[in-house]
**Student:** 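Sharing a structure with you now.
Just so it is clear, the structure is predicted and the values come from calculations on it, not from any experiment. Order of appearance sets the numbers: ligands from 1, and atoms from 1 within every ligand.
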Amino acid sequence: MEWVPLDLGVIRRELETLRLGRAVELYDAIDSTNRRASEWARAGALDGAVVLAERQTAGKGRLGRRWFAPGGSSLLMSIVLRPDIQPLQAQRMTMICSLGAAQAIEQLTGLIAALKWPNDLLLSGKKLGGVLTELGVSGGRLTHVIVGMGLNINLALEQLPEVMSPPTSLLAELGRPVDRQVLLLSILSCVDGLYDRFLSGWSPHEAWRERLDTIGREVSVGDADGVVTGVAEDVDADGALLVRSSDGVVRRMLAGDVTLRGERL
Ligand code: BTN
């Protein structure tokens, strides 16, 4: 499929953010924008620095998986954030970035993107994108957070390999391609606004919770310790999912993979 490349000059000229994208790199091809953003963060990248790529040769997904995206089809970005918070609070940065992406998609297309715990963006119940958050910790302190987002934009679904969650793209949902550059600027501006509010004391928890389609549903959550099945009752401020299993015990899941087993209860 023909595609229009992102333009670094336009991005630099048109961004009106306080922090997001004030420093920005754009690669035609790179192994992984998250890998590059971590390297840049360790070398002193500014709060809000952004790494973009048209193509990744070793895009990383959650839980050791790969992330596939044909060149020019997607938005592939990693954001470096340096909030003064504890490592256990870092999921707040994921909340801010996924909310910002969902807001921008809604403003530009009118489509309402839901979120699936912990890190997926959904349209019509299918996976539009994923977020991979990685932490920089030194001496028990958080030095930086890398929030990597992969969003399927102008992508025909047959271009993707078989994956566990059924995927979708903005092209598939709208039936027309979307200007990736306009969407990118809008995402950076929405995330910038939310991050600025966060730094002034606002918590993203409630807005994130409201967009989650996971609450009140029967779920199976698999993590390193096994699978927990029950009803997803709530999420707490640190982003953990509270699952009540049939024995009545509520378990607090910090990470994992959710399978939605039924309709909202
Ligand atoms: C998931 O497994 O759902 C998370 C996928 C995250 C993919 C993005 S693409 C841009 C950034 N760079 C990476 O290597 N991964 C993230």
Side-chain angles (χ1 to χ4, degrees), residues 6 11 20-21 24-41 45 49-81 90-91 93-102 104-105 113-123 125-136 144-155 157 159-170 180 183-184 187-188 191 212-214 221-224 239 241 254-260:
L6 296 171
I11 294 168
L20 268 284
V24 57
E25 292 182 349
L26 168 62
Y27 295 90
D28 181 41
I30 196 166
D31 50 354
S32 151
T33 57
N34 263 37
R35 205 268 319 137
R36 169 58 196 146
S38 300
E39 177 182 73
W40 195 12
V50 172
V51 179
L52 300 161
E54 296 288 20
R55 197 164 60 85
Q56 297 182 118
T57 52
K60 296 194 275 182
R62 290 179 55 246
L63 308 172
R65 300 195 189 105
R66 290 284 300 275
W67 184 259
F68 297 94
S73 68
S74 300
L75 282 176
L76 306 171
M77 72 179 100
S78 298
I79 301 172
V80 180
L81 296 170
Q91 178 73 3
M93 298 302 104
T94 315
M95 296 179 195
I96 285 171
C97 292
S98 5
L99 277 171
I105 289 166
L115 305 175
K116 178 178 160 196
W117 186 90
N119 286 5
D120 289 352
L121 276 102
L122 304 181
L123 279 178
K126 289 176 272 180
K127 182 158 173 165
L128 178 75
V131 181
L132 174 67
T133 300
E134 298 182 292
L135 311 189
H144 60 265
V145 182
I146 307 296
V147 184
M149 289 200 275
L151 301 175
N152 303 334
I153 311 294
N154 297 325
L155 183 70
L157 301 183
Q159 290 177 275
L160 283 177
E162 281 288 307
V163 281
M164 208 173 63
S165 0
T168 193
S169 68
L170 288 182
R180 292 182 307 136
L183 180 58
L184 169 68
I187 292 174
L188 294 178
V191 173
L212 278 180
D213 84 336
T214 318
V221 190
D223 69 3
L241 187 67
L254 265 171
D257 241 4
V258 167
T259 312
L260 299 171

**Student:** For R35, give me all partners under side chain to side chain donor-acceptor pair (under 3.5 Å), at least two apart in sequence or on another chain.
**Tutor:** D31, E39
**Student:** Below 4.5 Å, heavy atoms only, C-beta onward: do N119 and S98 meet side chain to side chain?
**Tutor:** no
**Student:** Under 3.5 Å, is there a donor on one side chain and an acceptor on the other for Q91 and T133?
**Tutor:** no
**Student:** D120 pairs by salt bridge (Lys or Arg N to Asp or Glu O under 4.0 Å) with which of K126, R62, K127?
**Tutor:** K127
**Student:** Side chain to side chain donor-acceptor pair (under 3.5 Å) with N154: which residues, sequence neighbours excluded?
**Tutor:** none
**Student:** What residues form a side chain to side chain donor-acceptor pair (under 3.5 Å) with T168, not counting sequence neighbours?
**Tutor:** E173
**Student:** Given a heavy-atom cut-off of 4.0 Å, could you list the residues near ligand 1 in chain and number order?
**Tutor:** S32, T33, N34, Q56, G59, K60, G61, R62, W67, L76, M77, S78, D120, K127, G130, V131, L132, G148, M149, G150
